[in-house]
Amino acid sequence: MNPLNPFAHPAQVVTVALNPALDQTIEVAGLQPGVVNRALRMQIDVGGKAVNVASCLSDFGVHAAVAGQLGRDNAALFEELFQRKKIANHCCYLDGLTRINTKLVDTVSGETTDLNMPGPEFAPAAAADLLNQVLERLERLAEHVDWIVLSGSLPPGMPVDVYATIIEQTQAAGVSVLLDTSGAPLKAALAAGPRLIKPNRHELAELFNRPLDSWAALVAAGRELLHGSPAPEWVVVSLGGDGALFLTREQALHAHPLPVAVTSTVGAGDAMVAGLVAARLGDLSLAETAQLATAFSAAKLTRLGPHLPRPAEVRALAEQVVVTPVA
Ligand SMILES: Nc1ncnc2c1ncn2[C@@H]1O[C@H](COP(=O)(O)OP(=O)(O)OP(=O)(O)O)[C@@H](O)[C@H]1O
Ligand SMILES: [Mg+2]
C-alpha cells in the first residue's frame, strides 16, 4: 500500500519521471530581453512530462501512478498534487531540490520562452541504483498496470539507454510502453521496440536527420518506423497548431486542431500522451484515438498547468475533432 495515498486504487498506468520539474510560469505583457520587465503574475505548477501525463490521466478518471525520482527539499508540492489527484507516489527521494523550469509567457505575442534546467547530475553508481529501484517498483506495479509511459528528458549522467532497458524489461512482462522523448534517448529506446511513440515534428526530423516539411515526408518517416524491426504499432506525430498525424501500418489520419483560446501551449504534447493512453485503455479505433488525444490537448491549452476539465467536457470536445485520411 502506498503510504501517501492509502485509499488509492491500483494504478492502471504508471508514468516514469526520471527528471521531474517544477514549472514556474511568469506572465509578462510584451517581454523584452536585457531590460527590467514587470511581470503580471506568477504560478508554480508541479510538472515534468511524466507528472503532467499522470495529472491529465487522473483528471480523466484513470488511476495513475508515478515512479522515478524527487528531490526531498521541494517534494511537498508534488506530494500535494499526488494526494489531491489520487496519484500513487512510487518515487525515490533524493537529496536536494527537484529542478525548477521557468516559462516566460508573453501575454501580448502569445509566445512562451522556456528556461529549462538540466536536472541533478548522476554519478554512475547513483544512476544504476535509481534504475534498479525504478525497475523493482515497475515490476511490482506490473500486476495491475497495462501501460507504462516513459516521457521526458534524462538528467545528466543517466545512461542514454535507460529507457531501452525499462522497455525491454517491462514489455517482456506483458506491459505496453508509450515513449515520448527526443534525441539520443529516443534513438536508443526505439531499438527496444516501444509499442507507441509520440514524437513532435521536430523530434522526428531530428531522428531522421532530414527536414519533414510535407505530409508526404512525415508519413514516409512514420511508415519507416512502423516497418522497422522492432516496430511500434502506433506512431503519433504532433504538429503543434497544425494538429497531429496518427499512423498505424494500415492507416494514416490527420487530426485537425480545435480552435480553442490558447492560454499556454506548455504540456499540450503531454496532454496528448495522456489522451493516447486513455484511448488505448478504452481500445478505441485510430480515428477515435485521434479525436480523444486531440481533445485532451485542446482542453489543456485553455489553462495553465497540467490540468483538464471534467471528463464529460473532454469527451464533448473529442466529438468536435475533425479527422481526415492522409493520402
Ligand atoms: N497553437 C495550437 N493551437 C491548437 N492546437 C494546438 C496548438 N498547439 C498544440 N496544439 C494541440 O496540441 C497537440 C500537441 O502539441 P505539440 O505538437 O505542440 O506537442 P509537443 O511539441 O510534444 O509539446 P510539449 O512536449 O511541449 O508538451 C497538437 O497535436 C495539437 O492538437
Ligand atoms: Mg512533447
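One-based numbering, in listed order, for ligands and for the atoms of each. Note that the numbering runs from 1 along the sequence shown for the chain.
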Any donor-acceptor pair under 3.5 Å linking the side chain of N37 with the backbone of A39? no

Nearest-0.5 Å distance, CZ of residue F122 to CG of residue N19: 7.5 Å

Does ligand 1 have a heavy atom under 4.0 Å from the side chain of H202, from its backbone, from both, or from neither? neither

Does the N or O separation between K198 and ligand 1 drop below 3.5 Å for any pair? yes

If you measure every N or O of G240 against every N or O of ligand 1, does any of those distances drop under 3.5 Å? yes

Tell me the protein heavy atom at minimum distance from atom 1 (N) of ligand 1, and give that distance in Å. G241 CA, 4.0 Å

For ligand 1, which atoms have a heavy atom of P257 less than 4.0 angstrom away? 4 (C), 5 (N)

Which residue and heavy atom of the protein sit nearest atom 21 (O) of ligand 1, plus the separation: N200 ND2, 2.9 Å

Separation between CG of L239 and NE2 of H256, rounded to the nearest 0.5 Å: 11.0 Å

Numbered atoms of ligand 1 (with element) below 4.0 Å of S297, judged on heavy atoms: 11 (C), 12 (O), 13 (C), 14 (C)

Looking only at non-hydrogen atoms, which of S264, A244, A268, A261 approaches atom 14 (C) of ligand 1 most closely? A268

Atom pair CZ/CZ of F60 and F296 - distance to nearest 0.5 Å: 4.5 Å

Does the N or O separation between G243 and ligand 1 drop below 3.5 Å for any pair? yes

Out of curiosity, K187 NZ to T181 OG1, how far, rounded to the nearest 0.5 Å? 13.5 Å

Proximal ligand 1 atoms for L239, defined as those under 4.0 Å from one of its heavy atoms: 17 (O), 29 (O)

S297 side, atom OG; L276 side, atom CG - distance, nearest 0.5 Å: 8.0 Å

Looking at ligand 1, does any of its N/O atoms fall within less than 3.5 Å of an N/O of K49? yes

Nitrogen or oxygen atoms of G269 and ligand 1 under 3.5 Å apart: yes

Output yes when R72 and D95 qualify as a salt bridge under the 4.0 Å nitrogen-oxygen rule, no when they do not. yes

Residue L301 vicinity, atoms of ligand 1 by number, heavy atom under 4.0 Å: 4 (C), 5 (N), 6 (C), 7 (C), 10 (N)

Indicate whether any N or O donor in one side chain lies under 3.5 Å from an N or O acceptor in the other, for T289 and R280. yes

Distance from K103 atom NZ to L115 atom CG, nearest 0.5 Å? 9.0 Å

